Q: 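Take a look at this one; I'll ask things after.
Being a predicted model, the structure only gives us computed values, none of them experimental. Note that ligands are numbered from 1 as they come in the structure, with each ligand's atoms numbered from 1 the same way.
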Amino acid sequence: MSHDALRQLRALHWLPASSPQLSAPLLDWLMEEDSMTRRFEQHCQQVTVKLIREAFIGAEEISEEAEFLPADPRFWLREIVLCGDGEPWLIGRTVVPESTLNGPEQMLQQLGTRPLGRYLFSSSTLSRDFINPGQVGDLWGRRSRLRLSGKPLLLTELFLPASPLYRALDQG
Ligand SMILES: C=C(O[C@@H]1C=C(C(=O)O)C=C[C@H]1O)C(=O)O
């Protein structure tokens, strides 16, 4: 499942927030500024992470993401499935330039199955530059650039069919 979903995440195309397809209930989810992990916890008993891949990668593997990040020689890649009560709700791909991974941010390489959000949103130095809504087929996603102590990382999230975002859309 996750490899196909990762291909869909990479195929997300980006929409302006003013796009007519982005209804209010949908934007309420896609433009969430607080932790998505914490928001998911309001819709299930337990949020867990299934790790797909954590590794250093070269610039050749980050294609269009490169335009939002410094031209470092290496990037720390983290790809996960975020689950609500064991159901796959979201694919998350995080690309961290090596120059971000110093000081306390070295923790980003030690996350394992702990949700990234628990670390990011406990940091007093977190800021978010932007959130881009995206779409692929009938799935929604988003791309954010976040900063810890001013150092950037790029996060792309694809909301999977079982995620509460789609239930909110059905309720209109
Ligand atoms: C950034 C957050 O962390 C979530 C967890 C992720 C992970 O563990 O890699 C990735 C994407 C997010 O949905 C968040 O909670 O907002």
Side-chain angles (χ1 to χ4, degrees), residues 1-3 5-12 14 17 26-57 61-62 65 68-69 75-98 100-101 104-136 139-169:
M1 181 279 296
S2 51
H3 298 288
L6 276 169
R7 264 195 300 279
Q8 287 180 292
L9 179 145
R10 302 299 301 270
L12 277 163
W14 309 105
L26 179 55
L27 279 174
D28 179 58
W29 276 93
L30 294 180
M31 305 307 277
E32 173 63 65
E33 293 273 348
D34 196 350
S35 167
M36 192 53 70
T37 303
R38 206 174 290 153
R39 182 154 181 178
F40 276 0
E41 284 168 339
Q42 294 159 29
H43 295 267
C44 65
Q45 298 303 311
Q46 191 186 25
V47 171
T48 54
V49 167
K50 285 196 178 77
L51 202 47
I52 300 172
R53 184 178 175 202
E54 272 192 322
F56 273 113
I57 57 173
E61 277 206 70
I62 64 164
E65 292 158 314
F68 301 101
L69 294 171
F75 298 80
W76 180 254
L77 171 71
R78 170 182 169 84
E79 293 174 330
I80 59 102
V81 185
L82 200 62
C83 299
D85 295 342
E87 272 202 304
W89 281 5
L90 177 145
I91 297 281
R93 172 181 164 94
T94 306
V95 177
V96 185
E98 189 163 27
T100 293
L101 291 172
E105 281 67 51
Q106 291 175 66
M107 265 296 290
L108 290 167
Q109 290 176 265
Q110 319 293 331
L111 289 170
T113 56
R114 278 171 298 159
L116 170 67
R118 290 221 210 299
Y119 174 71
L120 290 184
F121 289 87
S122 64
S123 162
S124 58
T125 70
L126 178 70
S127 60
R128 199 185 298 244
D129 292 345
F130 60 72
I131 303 179
N132 283 339
Q135 183 180 25
V136 54
L139 296 183
W140 298 99
R142 65 187 191 155
R143 176 169 64 184
S144 310
R145 185 168 62 205
L146 299 152
R147 290 180 186 272
L148 290 163
S149 304
K151 300 178 291 180
L153 57 101
L154 198 72
L155 169 59
T156 307
E157 296 161 295
L158 175 70
F159 292 86
L160 297 173
S163 78
L165 173 148
Y166 299 99
R167 288 202 293 273
L169 301 188

Q: Testing the basics here: between Phe68 and Arg145, what is the closest heavy-atom pair and its distance to 0.1 Å?
A: O-NH1, 2.8 Å
Q: If you measure from NE2 on His43 to CG on Leu165, what distance do you get to the nearest 0.5 Å?
A: 9.5 Å
Q: Would you please classify the geometry between the Trp89 ring and the Phe40 ring as parallel, tilted or perpendicular, with 30° and 60° separating the classes?
A: perpendicular
Q: One pair per line, please: each N/O atom of ligand 1 matched with every protein N/O atom under 3.5 Å away, atom names first, then the distance to 0.1 Å.
A:
{"residue": "ligand 1", "atom": "3 (O)", "partner": "Gly117", "partner atom": "N", "Å": "2.9"}
{"residue": "ligand 1", "atom": "8 (O)", "partner": "Arg78", "partner atom": "NH2", "Å": "2.9"}
{"residue": "ligand 1", "atom": "8 (O)", "partner": "Leu116", "partner atom": "N", "Å": "2.8"}
{"residue": "ligand 1", "atom": "9 (O)", "partner": "Arg78", "partner atom": "NE", "Å": "2.7"}
{"residue": "ligand 1", "atom": "13 (O)", "partner": "Glu157", "partner atom": "OE2", "Å": "2.7"}
{"residue": "ligand 1", "atom": "15 (O)", "partner": "Ser35", "partner atom": "OG", "Å": "2.7"}
{"residue": "ligand 1", "atom": "15 (O)", "partner": "Met36", "partner atom": "N", "Å": "3.3"}
{"residue": "ligand 1", "atom": "15 (O)", "partner": "Thr37", "partner atom": "N", "Å": "2.8"}
{"residue": "ligand 1", "atom": "15 (O)", "partner": "Thr37", "partner atom": "OG1", "Å": "2.6"}
{"residue": "ligand 1", "atom": "16 (O)", "partner": "Met36", "partner atom": "N", "Å": "2.7"}

Q: What distance do Lys151 atom NZ and Leu101 atom CG have between them, rounded to the nearest 0.5 Å?
A: 7.5 Å
Q: Would you call the rings of Trp76 and Phe56 parallel, tilted or perpendicular, where under 30° means parallel and over 60° means perpendicular?
A: perpendicular
Q: May I have the step-by-step check of side chain to side chain contact (heavy atoms under 4.5 Å, CB included) for Tyr166 and Leu139, ending in yes or no?
A: CA-CA 9 Å; Tyr166 299 99; Leu139 296 183; 3.4 Å; yes
